[in-house]
Amino acid sequence: MSVHSALEELAKYRVQNRRASQEVFEKGTSVLQKNGYSKMGDEVWDFLEQLALAAIDVGRLDVADQCLQRLSDKFPQSPRVDCLAGIRLEASEPPETALKYYSELLEADPTNVAVWKRRISVLRRMGQTEEAISELSQYLDTFYTDIEGWLELADIYACCNQYDYSLQALSHTLLLAPQNPVYVLQSAETAYTAGDLPLSLKMFLMVVDMTDGDVTEFLAESTPLGITVRAWYGVKLCARRMSENPRVATTSASDASPPKHLGLLDELATERLRVAYSSAGQKGDIAQGRGIVFLWVASP
């Protein structure tokens, strides 16, 4: 591959925010060896940062050090380069060393978001979950609109089986990005695991409403795809459990109202899943295993 083609591919990875470490390393080192970055202008610094991260991922710390040295020479005392140096430190030194390094950077600049996040990541990797939660909560008090931070907090709580707290963290995500069906789906699944089936069913139906075709399209003519299928699975699971145990339909920590017409919802979810896994008009591999799915949705 020519240097020009390699640089174009690397630029596409940056625009698409794709990590693709092995591919980036192979193309990047080719450019580096041929000195092809010398005519890139200001884009060379984005390229060097991209290559440094890829080199760390694949274990080529020597290449990462070359990139980091050029960046440090150009941008001395840059918070972004400091954070990259910390990631390089994590790759070869004990986590305590990286934690100390990040703490020193935060003392000098408490608003360095990237360093704060790396510190939280190291705390979690060290198994210091309570401290990671405390640090992340403090971070979110300062940078409330960071959706990734709320998702990380929800994930930490979920890993500790504290699903109610995880659901609370996800509620902030929904406030910040109510139009994203993926976050609604994650909240629905978390509510299901927490045992709040009325809330879970409500949120699964919200996902269906957000993703299942255009509002002008007849439901019978649409075919569920992607996360819509997953949402219909959720509706089916909730309806089945509440039918088997009516008490859970009225048990909701969030005070969600019990569902009406539960039987009709169960029938609708069954029909939608049958359509999704039928052979007519399907794309990809979703039709595989339809027999097993049909048996499951038909079972009482």
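Between D65 and R88, at least one side-chain nitrogen of the basic residue sits less than 4.0 Å from a carboxylate oxygen of the acidic one, meeting the salt-bridge criterion. Salt bridge status for E90 with R125: present, with a side-chain N to carboxylate O gap under 4.0 Å. Electrostatic pairing of E8 and K27 does not count as a salt bridge here, judged by no charged N lying under 4.0 Å from a carboxylate O.
Scanning both residues, V24 and A54, for their nearest heavy atoms gives CG1-CB, 3.6 Å. The shortest heavy-atom contact between V235 and L265 is CG1-O, 4.2 Å. Here the closest heavy-atom approach between residue I147 and residue A177 is recorded as CD1-CB, 3.7 Å. The two atoms that bring A154 and S166 nearest to each other are O-OG, 2.8 Å, heavy atoms only. Smallest separation of non-hydrogen atoms from S252 and D196: OG-OD1, 2.8 Å. Of all heavy-atom pairs between T251 and P198, the closest is O-CD, 3.6 Å.
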Distance-only donor-acceptor hits, side chain of residues 157-164, under 3.5 Å, sequence neighbours excluded:
{"unit_1": "N161", "atom_1": "OD1", "unit_2": "Y163", "atom_2": "OH", "d": "3.1"}

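Aromatic pair W232/F204: centroids not less than 6.0 angstrom apart.
The environment of Y13 atom OH is dense: over 12 non-hydrogen atoms of other residues, nucleotides or ligands sit within 6.0 angstrom. By the 6.0 Å contact criterion, CD on Q77 is open, its count of non-hydrogen atoms from other residues, nucleotides or ligands being 12 or less. Around the CD atom of Q16, the shell of radius 6.0 Å holds more than 12 heavy atoms that belong to other residues, nucleotides or ligands. By the 6.0 Å contact criterion, CD on E96 is enclosed, its count of non-hydrogen atoms from other residues, nucleotides or ligands being greater than 12.
Residues D46 and Q50 have side chains that never bring a donor and an acceptor to within less than 3.5 angstrom of each other.
Under the 4.5 Å side-chain criterion, counting only non-hydrogen atoms from C-beta, Y144 is in contact with L175. Side-chain atoms of P79 and V115, non-hydrogen and from C-beta on, never get closer than 4.5 Å to each other. Counting only heavy atoms from C-beta outward, the side chains of R272 and V208 never approach each other to under 4.5 Å. Residues L167 and L199 form a side-chain contact, since some pair of their non-hydrogen atoms from C-beta on lies under 4.5 Å apart. Residues R70 and L32 form a side-chain contact, since some pair of their non-hydrogen atoms from C-beta on lies under 4.5 Å apart. With a 4.5 Å cut-off on side-chain heavy atoms, R241 and Y192 count as touching. A heavy-atom distance below 4.5 Å is not found between the side chains of V63 and V58. Looking at heavy atoms from C-beta onward, L136 lies in side-chain contact with L140 at the 4.5 angstrom threshold.
Considering CD of E189 and CG of L170, their distance stands at 10.5 Å, rounded to 0.5 Å. Atom CG in L99 sits 5.0 Å away from atom CG in L123 (nearest 0.5 Å). One finds the CD atom of Q179 at 10.0 Å from the CG atom of L174 (value rounded to the nearest 0.5 Å). Taken to the nearest 0.5 Å, the CG atom of L48 stands 11.5 Å off from the NZ atom of K74. Separation of atoms CG (L71) and CZ (F47) is listed at 10.5 Å; rounding is to 0.5 Å. The line from CZ of R60 to CG of L51 is 10.0 Å long, rounded to the nearest 0.5 Å.
Of the options L262, T270, L268, a side-chain contact (heavy atoms from CB on, under 4.5 Å) to D266 is made by T270 and by none of the others.
Between the S121 side chain and the K117 main chain, no donor and acceptor come within less than 3.5 Å of each other. No side-chain donor-acceptor contact under 3.5 Å links S134 to the backbone of E130.
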key: side-chain contact (heavy atoms from CB on, under 4.5 Å) between R80 and F75, intermediate numbers included   = CA-CA 9 Å; R80 188 162 175 170; F75 305 103; over 6 Å; no
inquiry  = I'd like to know whether L151 forms a side-chain contact (heavy atoms from CB on, under 4.5 Å) with Y183, so could you lay out the CA-CA distance, the side-chain angles of the two residues, the decisive distance to 0.1 Å, and finally the verdict.
reply    = CA-CA 9 Å; L151 292 173; Y183 300 154; 3.7 Å; yes
request  = Test L205 against D209 for side-chain contact (heavy atoms from CB on, under 4.5 Å), laying out the working first.
outcome  = CA-CA 6 Å; L205 290 172; D209 185 54; over 6 Å; no
key: From CA spacing to verdict: side-chain contact (heavy atoms from CB on, under 4.5 Å), L105, Y101   = CA-CA 6 Å; L105 291 178; Y101 173 76; 3.4 Å; yes
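For E43, the side chain to side chain contact (heavy atoms under 4.5 Å, CB included) partners two or more places apart in sequence, or in a different chain, are R14, M40.
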